[in-house]
Amino acid sequence: MSKKRIFSGIKPTGELTLGSYIGAIKNWIDLQQEYQCLYCIVDMHAITIRNDPAVLRRRSLEQLAQYIACGLDPEQNIIYFQSHVPQHAELSWILGCYSMLGELNRMTQFKDKVKKGSENLNAGIYTYPVLMAADILLFQSDLVPVGEDQKQHVELCRDIAIRFNSIYGETFTIPEPFIPKVGARIKSLTDPLNKMSKSDDDPQGSVFLMDSPDSIMKKFKRAVTDMENRVAFDPEKQPGISNLMTIYSSATGKSFDEISAEFDGKGYGTFKVAVAESVIELLRPIREKTEKLLEDKSYLAEIYRNGARRASELAEPTLKLVTERIGFVPKG
Ligand code: TRP
């Protein structure tokens, strides 16, 4: 039996955070044996906001290096840049003709941007979910690991696929959102009700994978806590402390009970330093390996070229089927 297929993507805007690692990449590592996985660096989604070209290029390569440094095996997984596989754009145009204005108008991410009156409200922001649907459907993906905030986009992807299939017959696998069992969602250190984000306005709230040990320590020392003075897991009443416990548990493998016992009567200061130290040790090898990988651009190039070639080969039969079904003349 062939393995189930997983597709996921992260935009190369902003630096990857401890939240990206614990909430997403770490889970990907556990999936690589059991599933056939494609991990795409979605640079075409990234240009829906303005980027300095040099920064976008640097971040894209850095993200690739970080994936490898975190333990994603480039042989077992297909790791590549979205812009290197033109079938994404081709299928996206086609699917756009099967996506309704009403559906796109309902996307909360889009509505939020309109409501905020963001400048540069371009058409790419509007059709962003269509490109995302193309990413997923191009590979007949079964499962799509995403956070809560992207579930609506996966729902839309399913609706588009179901619509297409009902017009032309079985063409696309209907994907499911996949929330991993240990899908710890890491929150901001300064605002523990919101997620730790790579595009946060407040860099003190996020720990970045490339942060120095010094800066990690400082950020944890400043982390928002509460007045309860006990290390207990209670996300409602003690969101800050619960977030620190989640981080510490991910970094050390200790359970919440063990953590509560370890810091019973010790005060938040001691606890914060212990969390910081565990994160420093967790991230040290990742940062060092990333730096090393970035020194050898030809090795990285081999990985992304290989990834794009494999992704393109997998995509081709789907695109051929789709174009046949809708009535384009075969290239021959
Ligand atoms: N929109 C996703 C995000 O912002 C990134 C993304 C693009 C993605 N294409 C995807 C995620 C396909 C999963 C599958 O997080």
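Worth knowing before you read on, the calculation uses all heavy atoms, side chains too, and leaves out hydrogens, waters and symmetry mates. Every number for a ligand or one of its atoms is a count from 1 in the order of the listing.
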Nearest non-hydrogen contact with atom 11 (C) of ligand 1 belongs to which option: Gly9, Pro145, Ala133?
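The option holding the nearest heavy atom is Gly9.
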
Ligand 1 versus Val146: contacting region, heavy-atom distance under 4.0 Å:
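Within the 4.0 Å criterion, Val146 contacts ligand 1 through side-chain atoms alone.
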
Just heavy atoms, cut-off under 4.0 Å: does Lys11 contact ligand 1 by side chain, backbone, both, or neither?
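Only the side chain of Lys11 comes within reach of ligand 1.
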
May I ask you to identify the nearest protein heavy atom to [atom], giving residue, atom name and distance to one decimal place in Å?
| atom | answer |
| --- | --- |
| atom 12 (C) of ligand 1 | Phe7 CE2, 3.5 Å |
| atom 1 (N) of ligand 1 | Tyr128 OH, 2.7 Å |
| atom 9 (N) of ligand 1 | Asp135 OD2, 2.7 Å |

Where does the angle between the aromatic ring planes of Phe139 and Tyr80 fall among parallel (under 30°), tilted (30 to 60°) and perpendicular (over 60°)?
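Geometry flag for Tyr80 against Phe139: perpendicular rings.
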
Specify whether Phe81 and His84 have parallel, tilted or perpendicular ring planes, treating 30° as the upper limit for parallel and 60° as the lower limit for perpendicular.
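Ring orientation, 0 to 90° scale: perpendicular.
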
Determine whether the side chains of Gln204 and Arg222 contain a donor N or O and an acceptor N or O closer than 3.5 Å.
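Yes, side-chain donor-acceptor contact under 3.5 Å.
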
If we count only N and O atoms by modelled type, under 3.5 Å, do the side chains of Ser118 and Asn120 hold a donor and an acceptor together?
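Per modelled atom types, Ser118 and Asn120 side chains form no pair under 3.5 Å.
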
May I ask you to say whether Glu34 pairs ionically with Lys3, meaning some side-chain N is under 4.0 Å from a carboxylate O?
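Judged by the 4.0 Å cut-off on N to carboxylate O distance, Glu34 and Lys3 do not form a salt bridge.
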
Is the shortest distance from a Lys or Arg side-chain nitrogen in Lys195 or Asp149 to a carboxylate oxygen in the other one below 4.0 Å?
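Asp149 and Lys195: salt-bridged.
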
Within a distance under 4.0 Å of any heavy atom of Val144, pick out the atoms of ligand 1 and give their elements.
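With Val144 as reference, the close atoms of ligand 1 come out as 13 (C), 14 (C).
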
Using non-hydrogen atoms of the residue, decide whether His45 is closer than 4.0 angstrom to ligand 1.
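Under 4.0 Å: yes for His45.
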
